[in-house]
Amino acid sequence: MTLTDPTVPGTAAAPDAESRQPAPVPLVPAALAQGLTVPKGFGDQSLLSPRPDAIRLLGGIPDPSALPLQELREALGEVWDAGGAAAALQYSGSHGFEGLRGWITEREGVDPRRILVTNGGMHGLSLTVQALVERGGLVAVDNPAYPLFLRTLELVGAGTLPVPVEADGLDVEHLARRLAEGERIAAVYTVPDFHNPSQGTLSAAKRAALVELAERYGFVVIADDPYRELRFAGTDQGRRVFFDSGHVVHVNTFTKTLGPGLRLGWLVLPDHLVDTFVRLRNRQDSHSSTFVQTLVEHLLVSRPGWFDTTLGAARELYRHRAELLVSELETQLPGRFDVTVPEGGFFLWPRLTDDAVDSRELHARASAEGIDYQQGEFFVTGPGTDSARRLRLAYGDRTDDELRTAVERLARAFG
């Protein structure tokens, strides 16, 4: 063997050590991760206006002025002064804080064992799908539907059965016909109060009929209810029928009332499913933030009546903005849209009255003018809907001046 020394003339250079190493084996994502879709339409950042002054009527976002900034700061100080800060930084149970669940229990009127605290509404939906929908199962969904739930179904490779949404919510008779014809589903997903995107509310009669179908055919109703507390007009259609059934998982969250960044929500579960959900939770994130639960529990429990007082002001703010946006559309764009004033929530779902107007071209022109909104076609799950002729306009976090300017820009986009 000949030794080589690159510093000695006439000897060959030693091979570079890295050149003798085998090429690294690339990491390949698992099939589940590879199969997740890339956002197209809803959530697609490429569709946003490049204008720095763009007004975005895009998401169900609460207004900062309606969030308890000062109260949370005070609650933190009170917890700290009482010596509870150290415990707030430790592990806690999967079920959620007893005091927080007790507050929710009083509000919902159910056994505290049935409350599972979650990291917001989407976490609750994800847990429910993974716990109750077999891989490749079929789930009936709103048509139009909240698109992020459809992405949750990708976790189990579930298929969808579109069910039309009417002015008073899911078309339960349509679903009943499909089931009578032999269709079998694992679950039905709907937003019962101030539907996203169509702004309507599932009637009391339809709620009862939907639960009856679930019990007769053995599927679960996933009632996604993040906007329930934001009613500012009309009549509450009730939720007792959901809580009294062993075939309903009711999903709620503090996202729209106390703030999305808290990532705190809850499920009302049928008693016989609680242990199943907790076992699944133990194999994922284990528990919601102890720190956040400590603050929110203290805030709610130490200030009786505060939550409803705060909500009263928020509801009035959102009522005003909804009515203002409807008024501006009717004033600046007379006859261009069919618009219904919502009874709550964050959305308008106006329909273009002139079929000659190309909705995609209108969106492109509106974006160029500096107004961003969600196109109705992004919410379609099947045929037979007029969603492609609609716009979803979100008004929750926009000021009066921004709403007026947004409609002015939309009017210019019409030309």
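Glu316 has no carboxylate O lying under 4.0 Å from a charged side-chain N of Arg321, or vice versa, which leaves the two without a salt bridge. Using a 4.0 Å cut-off between charged side-chain N and carboxylate O, Arg279 and Asp275 make no salt bridge. We find that Arg239 and Glu108 are joined by a salt bridge, their nearest charged nitrogen and carboxylate oxygen being less than 4.0 Å apart. Salt bridge annotation for Asp271-Arg114: absent, with no cationic side-chain nitrogen under 4.0 angstrom from a carboxylate oxygen. Between Arg390 and Glu377 no salt bridge is recorded (no basic side-chain N to carboxylate O distance below 4.0 Å). With respect to Arg228 and Asp193, no salt bridge is recorded, no charged nitrogen being found less than 4.0 Å from a carboxylate O. Salt bridge status for Arg113 with Asp111: absent, with no side-chain N to carboxylate O gap under 4.0 Å. Salt-bridge annotation for Lys206 and Glu166: present, with a side-chain N of the basic residue lying under 4.0 Å from a carboxylate O of the acidic one. Salt-bridge formation is detected for the pair Glu343/Arg231: a Lys NZ or Arg NE/NH1/NH2 atom is positioned less than 4.0 Å from an Asp or Glu carboxylate oxygen. For Lys40 and Asp44, the salt-bridge test fails: no basic side-chain N is under 4.0 Å from an acidic carboxylate O. Taking 4.0 Å as the cut-off between side-chain N and carboxylate O, Arg303 and Glu78 count as a salt-bridged pair. For Glu212 and Arg216, the salt-bridge test passes: some basic side-chain N is under 4.0 Å from an acidic carboxylate O.
The two residues Val292 and Leu262 come nearest to each other via the heavy atoms CG1-O, 3.5 Å. The minimum heavy-atom distance between Asn143 and Gly382, with the atom names listed, is ND2-O, 3.1 Å.
The backbone N or O of Gly335 lies less than 3.5 Å from a partner atom in the side chain of Thr353, making a donor-acceptor pair. For Thr253 (side chain) and Leu264 (main-chain N/O), a donor-acceptor pair under 3.5 Å exists by modelled atom type.
Heavy-atom contacts from other residues, nucleotides or ligands closer than 6.0 Å to CD of Glu134 number 12 or fewer. Annotation for Glu215: atom CD counts as buried by contact number, over 12 foreign heavy atoms lying within 6.0 Å. With a 6.0 Å radius and a threshold of 12 heavy atoms from other residues, nucleotides or ligands, Gln34 has its CD atom above the threshold.
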Practice prompt. Could you give me the CA-CA distance, side-chain angles and deciding distance for Ser359 and Arg389, then say whether side chain to side chain contact (heavy atoms under 4.5 Å, CB included) is met?
Written response: CA-CA 6 Å; Ser359 61; Arg389 307 299 305 157; 4.2 Å; yes

Item to complete: List the steps and the verdict of side chain to side chain contact (heavy atoms under 4.5 Å, CB included) for Leu267 and Val117.
Response: CA-CA 7 Å; Leu267 299 175; Val117 176; over 6 Å; no

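No side-chain N or O of Gln199 forms a donor-acceptor pair with one of Thr340 less than 3.5 Å apart. In summary, the side chains of His287 and Ser92 do present a donor paired with an acceptor at a separation below 3.5 Å, with no hydrogens or angles considered. Side-chain atoms of Asp372 and Ser49 include no donor-acceptor pair closer than 3.5 Å.
The side-chain contact (heavy atoms from CB on, under 4.5 Å) test with Val165 singles out one residue from Val191, Asp142, Val141, and that residue is Asp142. The only member of Glu369, Arg365, Arg404 that meets side-chain contact (heavy atoms from CB on, under 4.5 Å) when paired with Arg409 is Glu369.
Classification of the Tyr189-Phe149 ring pair by plane angle, with boundaries at 30° and 60°, yields parallel. Below 30°, between 30° and 60°, or above 60°: for Phe254 and Trp103 the angle between ring planes is between 30° and 60°, a tilted geometry.
By the side chain to side chain donor-acceptor pair (under 3.5 Å) test, Thr128 pairs with no residue at all, sequence neighbours left out. Here Phe194 pairs with nothing under the ring-ring contact (aromatic ring centres under 6.0 Å, His included) rule; sequence neighbours left out.
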List, one per line, each side-chain donor-acceptor pair under 3.5 Å for residues 175-188, sequence neighbours excluded.
residue: Arg178; atom: NH2; partner: Glu183; partner atom: OE1; Å: 2.8
residue: Arg184; atom: NH1; partner: Leu179; partner atom: O; Å: 2.8

